[in-house]
Amino acid sequence: MAGADGVLETRDVRIVDGRIAPAGAGALPHDDVEVIDATGCLVLPGFVNMHSHSYGTLCRHDGARLPLEPWMNYALAGTANRTPDEILVATQLQAIEALRTGTTAVVDHIGGAVAGLAPVLGAYEDSGIRAAVAPMIGDIPLPDSVGLSAEDWPPGTGYGAPEFAQKPAAELLDDTLALRRSWTSPSGRVAVILGPSAPQRCSTDLLASVAEAAEREDMLVHTHLLETRLQAALTPRSGVAPGWTSWTERGS
């Protein structure tokens, strides 16, 4: 560990009930305890990834180098009609990659049909990682979210297909709350939180309902906000003016 002067020191670290316990300088008694020899290693606290998308592990090169807005077509297509096994494998890959880099906690802002995301929770539970799973919900059509009409959207993208259809705001929120209520984490490490995709991709009704549910259910909220120059230039819809962040004031 690093001392007050920044010089690395050799110390023993004691773990009690899964947590780092206070330990003085020097070696600890080794009787009746499991000893892990970390000689020559650095002992660090687990890293935390505060924004990730596990669905992307199976389609991370689709639409490479595209700006975010046209890339969203690939993201929607990549999550449409995924099987439970595909959802499970994508989550397992994210958990494995995270743990291999020393990341012990993630926020997974995951796309796809909310009702089919139960395998995500089980995969994180089995991996041993901590995870806050935020089903990504939005009810504004993709063209509208960037200030275009459906007629102006490139027809070759396939947008408008049934797989891209968006549910009403109330149904999206109900699905998220149902997923949360159906899940009990045996370890207490894995939880469902609220995940509105972004203000420009959510109606005012959905954002207001998310804020109310967060307060009522004591849930955290995770979202995107002003990801690109285009989004910064867009005029917020009526009800969220004067800025995209005004809906968050409900929780202040």
Taking distance alone, no hydrogens or angles, what donor-acceptor pairs closer than 3.5 Å link side-chain atoms of residues 171-178 to residues at least two apart or in another chain?
unit_1 : atom_1 : unit_2 : atom_2 : d
Asp175 : OD2    : Lys167 : NZ     : 2.8
Thr176 : OG1    : Leu172 : O      : 3.1

Inset, instruction - Any pair with a residue in residues 84-114 that passes ring-ring contact (aromatic ring centres under 6.0 Å, His included), sequence neighbours left out, goes on the list, sorted by first then second residue, please. - result: His51-His109, His53-His109, His109-His222, His109-His224

Legend entry - Residue pairs fulfilling ring-ring contact (aromatic ring centres under 6.0 Å, His included) with at least one residue in residues 114-143, sequence neighbours excluded: none

Legend entry - Single-linkage hydrophobic cluster Val192~Leu194, side-chain heavy atoms < 4.5 angstrom: yes

Legend entry - Interatomic spacing from CG in Leu117 to CG in Leu88 - rounded to 0.5 Å: 12.0 Å

Legend entry - Transitive ILVMFWY cluster of Leu93, excluding itself - 4.5 Å side-chain cut-off: Leu58, Val89

Inset, instruction - Mind jotting down which residue pairs meet the ring-ring contact (aromatic ring centres under 6.0 Å, His included) criterion with at least one end in residues 175-195? Sequence neighbours excluded, please. - result: none

Inset, instruction - Could I get the full list of salt bridge (charged side-chain N to carboxylate O under 4.0 Å, His left out) partners for Arg180, not counting sequence neighbours? - result: Glu217

Inset, instruction - Just jot down the side chain to side chain donor-acceptor pair (under 3.5 Å) partners of Asp218, sequence neighbours excluded, or say none. - result: none

Inset, instruction - Enumerate the residue pairs fulfilling salt bridge (charged side-chain N to carboxylate O under 4.0 Å, His left out) with a member in residues 104-118, sequence neighbours excluded, ordered by first and then second residue. - result: none

Inset, instruction - Apply side chain to side chain donor-acceptor pair (under 3.5 Å) to Thr184 and list each qualifying residue two or more places apart in sequence or on a separate chain. - result: none

Inset, instruction - Applying side chain to side chain donor-acceptor pair (under 3.5 Å), name anything that partners Ser197, two or more places apart in sequence or on another chain. - result: Arg201

Legend entry - Inter- and intrachain pairs under salt bridge (charged side-chain N to carboxylate O under 4.0 Å, His left out), touching residues 56-85, at least two apart: Arg60-Glu97

Legend entry - Distance (rounded to the nearest 0.5 Å) between Ser185 OG and Leu121 CG: 8.5 Å

Legend entry - Of all pairs that satisfy ring-ring contact (aromatic ring centres under 6.0 Å, His included), the ones with a partner from residues 56-97, not counting sequence neighbours: none

Inset, instruction - Could you tell me whether Arg100 atom CZ has more than 12 heavy atoms of other residues or ligands within 6.0 Å of it? - result: no

